[in-house]
Amino acid sequence: MGVLLASRLPPTEARGMNVDLWSSVELVDYADAIRAALAETGTMITPRYLVPRSDYRTAPSRLGRAWQRTLTYGGYPVLLAADFAFRRRPEVSIVTTNTFFGPWLAARLTARSRRVITLVYDLFPQVLVAAGKLPNTGVETRVIRAIMRDTFNRSSANVFLGSRLLEHAAAEFGPIPGATVIPVGASSEPFADHPPRPRPAHVQPLIMYCGNLGWMHDVRTLVAACLMPADNPGLLPITIRFHATGARLHEVQRLLNSPSRSFPSGLTVTVGAPMPHSEWIAAMLEADVGLITMIPGAEAAVMPSKAYSAMVAGQAILAVCPLDSDLADLVLRHDCGWVVVPNGGSAATSGDFSNAAVYHGPHGLREVFRQIATDRDALQGKRMNAFRTGHRLFSTSAVAGQWHALLARVTAPPAAPEPVC
């Protein structure tokens, strides 16, 4: 598979380049495919982390979660700091904002011969402010802002996951040197030969949420839509299935009063544990729609990577999110789903709802449910748009090509000065 993906990449300008990829938690599977593609061009990327993704994906006990936090915020920074303080290689290190001060430590401690690329997975302190963990004007918030501003200034390049995130960051921190946008993308190869097929009329559409359901994710819009009285019982024969972990998962169960509940409207919601990776591909292919949610304020901090996995699997995207977000732009630009703007935030009252694929609040979400249940042709069209766009723009090879170009640019020798006449 690595040879197939890499064959689409241009020849590398820097044969034999070694690159470290730092994150407190091992990155998800798409990173393996990107590393394989880049390896065929001579760029060897070595992952460095403390928490294996297999441990992170499970639902640990309270003690286990405390231990993971200790590794993330204690052990990992020590490991990273020691490496950058005492090692002069490799030539380039990509350091994610997981943990947020990791890139700052790396950029502060490294020698000039070792370039640091900051990969902004979550933008701090915005993510903590949006989640209600820190006040916007508190001392801790100002300290984090200063750390991030210094990080951007010291990094050889700063990579953002979407153009909106870059705009929000520039509004917060001013011009950001070496800024570029590279989407997360998805491991596309398992789905390449499985374009979405129309479901038989007697099969209920399946909407699936798969992944972390944390503080940045909206759940109240969905629950409110499910709890609305049914004008016509049985009109919405749809199954909504959660395979997730995270702080908001318990909130969903609490609001529904049950891990599984059926409603007079025909909606059925089930909340389950994360699935083993061995079952993940089949489950992704089974679903018609991928549910992705963001709370108001999260548009300045995150771009949910699960959207790309859903697209390459042929799922239409049901995005419950602010209108001025990279997620909403993705859905509307490629006509691959629907956008439902949650209550709260400026976009809920001042947004442009003239687009036929944009809805508002729980009532708007109910209308989207009606369309999913009754218009199978439109659903199939959005699924095909998602599949084609995902494989064309956000596949492993497409994203690896963008990283290849950035690494070549960062390591290129400085241009010779113009001769003085």
Side-chain angles (χ1 to χ4, degrees), residues 21-24 27 92-108 115-185 214-217 292 294-308 319 321-333 345-347 351 394 399 402-403 405-407 409-410:
L21 175 57
W22 287 84
S23 177
S24 59
L27 298 184
V92 181
S93 292
I94 302 167
V95 188
T96 74
T97 53
N98 180 14
T99 304
F100 80 87
F101 53 87
W104 179 74
L105 283 174
R108 274 280 180 176
R115 297 170 177 85
V116 173
I117 296 176
T118 295
L119 175 52
V120 185
Y121 272 157
D122 296 327
L123 185 62
F124 288 83
Q126 282 81 347
V127 67
L128 297 175
V129 173
K133 301 300 182 182
L134 288 179
N136 192 41
T137 57
V139 174
E140 300 96 331
T141 304
R142 293 198 296 270
V143 170
I144 295 174
R145 283 196 181 102
I147 289 174
M148 294 306 300
R149 186 176 292 111
D150 192 48
T151 299
F152 294 144
N153 290 337
R154 291 176 177 274
S155 298
S156 297
N158 295 289
V159 177
F160 292 81
L161 304 185
S163 57
R164 291 275 193 173
L165 288 175
L166 176 54
E167 291 174 7
H168 287 299
E172 177 73 18
F173 299 104
I176 297 176
T180 189
V181 174
I182 301 179
V184 170
W215 296 113
M216 290 291 98
H217 300 284
I292 320 289
M294 293 166 55
I295 61 172
E299 70 276 12
V302 299
M303 168 58 194
S305 60
K306 61 177 67 68
Y308 302 113
C321 66
L323 195 55
D324 57 341
S325 63
D326 286 302
L327 178 57
D329 287 348
L330 177 73
V331 172
L332 299 178
R333 183 180 300 121
S346 58
F394 307 114
V399 174
Q402 294 179 62
W403 275 107
L406 175 62
L407 291 169
R409 186 165 69 249
V410 167

[X] and [Y]: which non-hydrogen atoms are nearest, and at how many Å?
X: Thr141; Y: Pro125; answer: CG2-CG, 3.7 Å
X: Pro322; Y: Pro296; answer: CG-CA, 3.8 Å
X: Val331; Y: Ala319; answer: CG2-CB, 4.1 Å

Any heavy-atom pair between the side chains of [Y] and [X] that's under 4.5 Å?
X: Leu407; Y: Ile117; result: yes
X: Leu134; Y: Ile144; result: yes
X: Arg154; Y: Val116; result: no
X: Ser325; Y: Met294; result: yes
X: Thr97; Y: Leu119; result: no
X: Val159; Y: Leu406; result: yes
X: Leu123; Y: Val302; result: no
X: His168; Y: Glu299; result: yes

What's the separation between atom [atom1] in [X] and atom [atom2] in [Y], rounded to the nearest 0.5 Å?
X: Arg409; Y: Ser156; atom1: CZ; atom2: OG; result: 11.5 Å
X: Phe160; Y: Glu167; atom1: CZ; atom2: CD; result: 11.5 Å
X: Asn153; Y: Met148; atom1: CG; atom2: CE; result: 11.0 Å
X: Leu161; Y: Ser305; atom1: CG; atom2: OG; result: 8.0 Å

Looking at [X] and [Y], would you say the former's side chain and the latter's main chain have a donor-acceptor pair under 3.5 Å?
X: Thr151; Y: Ile147; value: yes
X: Arg115; Y: Ser93; value: no
X: Thr96; Y: Asn98; value: yes
X: Asp326; Y: Ser163; value: yes

Angle class for the Phe152/Phe173 ring planes (parallel below 30°, perpendicular above 60°, tilted otherwise)?
perpendicular
Across all chains, not counting sequence neighbours, the side chain to side chain contact (heavy atoms under 4.5 Å, CB included) partners of Ala307 are Ile292, Met303, Leu327, Leu330
The residue among Leu166, Thr118, Thr180 that forms side-chain contact (heavy atoms from CB on, under 4.5 Å) with Asn158 is Thr118
Residues 123-150 vs ring pair (Phe, Tyr, Trp, His ring centres under 6.0 Å), sequence neighbours excluded, gives Phe100-Phe124
The ring-ring contact (aromatic ring centres under 6.0 Å, His included) partners of Trp22 (sequence neighbours excluded) come to Phe84
Exercise. Would you sort out whether Ile94 and Trp403 count as a side chain to side chain contact (heavy atoms under 4.5 Å, CB included), showing the intermediate values?
Key: CA-CA 11 Å; Ile94 302 167; Trp403 275 107; 3.7 Å; yes
With a 4.0 Å cut-off, would you call Asp324 and Arg164 a salt bridge?
no
**Request:** Show the numbers, then the answer: is there a side chain to side chain contact (heavy atoms under 4.5 Å, CB included) between Val127 and Lys133?
**Result:** CA-CA 9 Å; Val127 67; Lys133 301 300 182 182; over 6 Å; no
